[in-house]
Every structure is written in C-alpha cells, then in structure tokens.
Protein chains: 2
Amino acid sequence: MADDTTALGAAPGETSDAPRAWRTVLDHVETQLLAGALRPGDRLPGERALSTELGVGRSSVREALRVLEVLGLIRTQAGSGPNAGAIIIATPSGGMSALMRLQVAASGFPVADIVRTRLILETAVAADLADATPQPDLATSNALLDAMDSPDLTPAEFLALDAAFHLALAEASGNQVIAATMAGLRSGIEGYARAGLDRLDDWHETSARLRREHRGVVDAIRAADAPAARTRIHEHISRYYAETFIDPTPTPDDPDRRPADREHSAPW
Amino acid sequence: MADDTTALGAAPGETSDAPRAWRTVLDHVETQLLAGALRPGDRLPGERALSTELGVGRSSVREALRVLEVLGLIRTQAGSGPNAGAIIIATPSGGMSALMRLQVAASGFPVADIVRTRLILETAVAADLADATPQPDLATSNALLDAMDSPDLTPAEFLALDAAFHLALAEASGNQVIAATMAGLRSGIEGYARAGLDRLDDWHETSARLRREHRGVVDAIRAADAPAARTRIHEHISRYYAETFIDPTPTPDDPDRRPADREHSAPW
DNA sequence: CTGCTACTGTGGTCAGACCACACGAAAGCA
DNA sequence: TGCTTTCGTGTGGTCTGACCACAGTAGCAG
C-alpha cells in the first residue's frame, strides 16, 4: 500500500506533524505484529535495514528497539547466525518489573497500592487454583516450599524463595497477565521487603510461621477448598506486611496528587 | 584477544563486563530516584550533561531516556525555559498501556487472560468502593453514565465512554496501581473490543442493557452493598465478552507455549 | 516602558565511523 | 577425506560531530 511517507516524512528538523521518528519504528513493528507478519521467534530486519526501509536514522531505530527490549518484546544479540539480531520474544514479566520498579522509585505507585493489588490478585489466584477442575500442577510451588524448609537459609534467601513461591502459584493458574503483573508487583516492592526484614523481632519464628501458612494455602488448594485458600493467602500476605512495614499508608501528600478518596481502609 | 586496548570504562567496543551503556543511564536515574535526589517535577540534567557525567555517548543517554519516556517516567520538551528538558512525571498508565498493547500484539498476552484479569480487578474495585467508609466520589463515573445516555452515539463513541466509565471506577478506588493496570488492560484489548461490535445482533438493545447494568453497579456501590456490586460488575463484564468474542479461548497452540494447565474454565 | 530581535540552550535526528562478536565459508593441514 | 584453523562478513553497541526546530530570555531600539 504505497508507503507514501516519502523521504520528507522524517526529515532532521521535522515540524508541524512530527511523528517522532522512533515512534514511526515502534508503530511499524506493532503493525507488523498485529498483521501477523511478525510472530514470536521471528527476526526483525537489521537496524540498518529498518533505518533505510522506514526512512529514519539508525539512532531512531535503536531508540525504538531499546524500548521494545525493555518492554520484553524483543531480545537482541550481536554477532551473526540464526540467534543474532533482534528477535521477537513475548516476555512481559521483565517489562512489567521494570515499569513497576521505576514507578515506585518515582513515587508514581504507592507501595500500599501495590500490596493491595497483590492481595487482590493472589486471593483470586488461590481461589482459582482450588476450583480448577484438573488439579493444577503445583510441583514447582512444592519444590520451593521444600527448599524453604532448609534450616540454613539467610532471611534474604528465604525471601527470594518466598517470592518465587508466590509467583509460581500465579503461573500455575495459567493466567499470563496475572503472572507477569505479580512479577512486576514483586520487584516493585522488593527493596521495601528486604528493608522490612530488619523490623522483624524474631526471624526464626516468623519464617516458621510463613512456612506453615504456605503449606496451609497449598493444602486448601489441594482440598479444592476455595474459601479457605482465599482466607489463608489473604491473611498470610496481609499479616506479613503488617509486620514488616511501619505504616503502609499511601503517599503523604504530593503537591500534584489530590489526597481525595484515599482512606478506603480496605481490610488487608 | 591479547591486547584488549580499551581499558577505558565505557569504550566503544566494550567487552567482558559490558553493562550496556544505556543501562548505566537507566540505573543512574533509578538510583537517583530511590535516593530522593530526583523527585516528580524535577528536571533531569541535559542529555549532553548526562552524557559526559556518566561517561557514555549521548545516543546511549537518549536510548535510556526514550525508555523512561515510554514507561511514563519522564516527559521531554524541547526548547528552553522551566518546562523544557526531561522532567520527571510518574504517569504509569501510558507505559502500562504500551506494554499491554504490544504484548497482546505479539501474542505474549492471550486476550482471555486479560479479560479474566480485568474481571478480577474490577470485581474487587466494585466491592471496595461499596465498602468504602467515606462514600467514594463517583462524580466522574456518573457524568460518563449521563453522557452515555445520549441517543446519538456511534457504537465506537459509546465504547469509548464505557471504557472511561470503568476506568473512572478504578480511579475512584484510589488505587493507582489498579487504575493504571486497568488502563493498560483496556488498551490491550481495545482492538478486539472494537472488532467485536460487529458481532452484536442488536446494538440498540445491547447498549440499553449496558447502560442499565452500569447504573445497577453504581446503585449497589451507593447502597454500600458490596456483594451486589461484585455480582453485577462481574456479570456485566462477562456477559459483554461472551457476546462479542467468538471464542475467548487462549492462544491456539504456540510452539513455545506449553498448553499445560490452561483450561481452568473460570466462570466468566 | 514597550516591542522587536538576536542569542542561547534543549531535545530530535541523522550520518559516519569504530569495536567486539559470532557465525560460516574457505583455506590449510593431517 | 576429514578435521582444524583462519579469514570474511554482517550484526548489534557506542561514540562523535553535525544540523534543525523550538522556546524562553536578554538586550537593544523605539
């Protein structure tokens, strides 16, 4: 369809219309994706090729590719051969994590909101797993649970396994959006979670309780007892945060964020 | 490779360790953000300044900035004055939308998973709003509802208002993470939603029902009847998708996606 | 004091040049 | 013939230097 565009489309200075050059590239890739011309596993044209093909500079192409890379859409590899170049991979978790992490860092996402969202999602996941007709595969989760029983784990290691466990549950539900979101939420509050360790009085006792609660959740799922799974995971998460965070209250008061309806005091 | 030459931190070729230059920039910004040295509203150093400061080329700085921009962390503005340059803004919805949209396009996110996630989130939001102690502010939602009553709306326009309504509810809950996620989910399936319009037998009847259901949800929230709010929003959403999508079944079968536990037949 | 005009700094883009790398084909050797 | 080595080639990764358009601002003219 006539790529009109002409060579003028993206001149150096660009004015009036001005679709930022890198946007052109991004849109082009998205279109190709939507049209099915590009599927996971495929290789994108080389940067130089895309550059001439779209009539933009290579740097602009690179800016777009960088975005795609961070968003988890492509993987780049220098060199030659079938594995080289930019190939399409749909790995959302990475992008989701980056987004959450940075937004939290920039106080765009209050930690409390993240925790609350996590609560909602995990509760639903647990109930979902319990109700699943073909008993869901919890092998990964169980393996992690066993690993957590190891007595010589540092709190940080335990925490990592804990996070993996929760993520494994989300993945077991088969919902990729939730799994990716959970991964993102996790990494968004990772720093706080680690910092919260110091706040615990008795780590030994806490870890024991966490392990117990984890087993409880899995047991409820196995027993196909959705209500119990819901309750247990809910309490598990909310209790932990109640212990490790001083005050999970949302952002104090930003000059440009209306503190309007914020105190919904949801019971988590 | 005897003579590695280079030896300088970030020489052109870079080897062994090789933290990709743009990553350096990204990490730097994130660190500054975490340290509080950079807050929303602040201006980042100029590209050239950052370039020399971090010892990387301007192109690398730009690649990083582009990522930050797409992620909704900064806003760039050419020219001079206080509004020029790259200033920190924490606007997650944009990045979330881009992420979702592209992942769906690349079949990284099955549409069904998105719908299901939306269902979970919105159900929770509705219940949350109903339980909120200070009656939440539903002014925006109501205004949209009224706008939707206009008889001369094209299906597409109606759909846009509908989306805005649902988003307004999420925003009213005060949870920014959910609001942003909802915005992302929406734009991820926007194309499908529009396409689904053709599938409707009687648009007039459908829109009337949708309006009725919307009011019903808001009424339940006003009445602080969380269970009703839950049920109504759930039915509202699931019914619509059941009507507009042929087969909400996840991706057929991708060579690299195990069709494992996927049929959890969630009741939507 | 007012209004116009240069100036300056900022992002946006492009073009060209290297580098390191990884693969594959050709050349060399057994 | 078959294996090893070498060289060539194409790819991403980066840097440098150069314009352009734009938006304030300082400074000059009225």
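First the proteins, then the strands, lettered A, B, ... as listed; each starts at 1.
Sorted by residue number, the members of residues 76-84 of chain A with any non-hydrogen atom under 4.0 Å from DNA chain D read A:Thr76, A:Gln77, A:Ala78, A:Gly79, A:Ser80.
If you measure from atom CD of A:Glu63 to atom C1' of C:dT13, you get 8 Å, rounded to the nearest angstrom. Residue A:Arg75 contributes atom CZ, which lies 16 Å from atom C1' of D:dG13 at whole-angstrom precision. In this structure, A:Arg58 atom CZ and D:dC15 atom C1' are separated by 11 Å, rounded to whole Å. Whole-Å rounding puts the B:Arg43 CZ to C:dG9 P distance at 13 Å. In this structure, B:Leu44 places its CG atom 19 Å from P of C:dG9, rounding to the nearest Å. Protein atom CG of B:Leu50 is 15 Å distant from nucleotide atom C1' of C:dG9, rounded to whole Å. A:Leu65 places its CG atom 15 Å from the C1' atom of D:dT14, with the value rounded to the nearest Å.
Applying the 3.5 Å distance criterion, the base of C:dG12 shares no donor-acceptor pair with the side chain of A:Arg23. For B:Arg20 and D:dG12, a side-chain-to-base donor-acceptor distance below 3.5 Å is absent, hydrogens and geometry of angles not being considered.
Summary of the strand contacts: A:Gly57 and B:Gly46 both lie near DNA chain C, and taking for each the nucleotide with the nearest heavy atom, the more 5' one is attributed to B:Gly46.
A:Asp42 contributes atom CG, which lies 9.5 Å from atom CD1 of A:Ile87 (distance to the nearest 0.5 angstrom). Going from atom CG of B:Leu121 over to atom CD1 of A:Ile120 covers 6.0 Å, rounded to the nearest 0.5 Å. Atom CG of A:Leu26 sits about 11.0 Å away from atom CZ of A:Arg20, to the nearest 0.5 Å.
The side chain of B:Glu47 lies closest to C:dG12 when the candidates are D:dT11, C:dG12, D:dT14.
Here B:Ser59 lies in heavy-atom contact (under 4.0 Å) with a base. Using a 4.0 Å heavy-atom cutoff across all strands shown, A:Arg66 reaches sugar-phosphate atoms only and no base atom.
At distances below 3.5 Å, not a single donor-acceptor pair connects side-chain atoms of A:Asp162 with backbone N or O atoms of A:Phe158. For the pair A:Glu157 (side chain) and A:Thr154 (backbone), a donor-acceptor distance under 3.5 Å is present.
For the pair A:Arg62 and D:dG12, the criterion of a side-chain N or O lying under 4.0 Å from OP1 or OP2 is not met. Distances shorter than 4.0 Å separate none of the side-chain N or O atoms of B:Ser51 from OP1 or OP2 on D:dC15. Contact annotation: B:Arg48 side-chain N/O to C:dG9 OP1/OP2 distance is not under 4.0 Å. Of the side-chain N and O atoms in A:Trp22, none sit less than 4.0 angstrom from OP1 or OP2 of C:dG12.
Residue pairs meeting the salt bridge (charged side-chain N to carboxylate O under 4.0 Å, His left out) criterion with at least one partner in residues 24-37 of chain A, sequence neighbours excluded, are A:Glu30-B:Arg101.
The salt bridge (charged side-chain N to carboxylate O under 4.0 Å, His left out) test applied to A:Arg62 returns A:Glu47, B:Glu63, not counting sequence neighbours.
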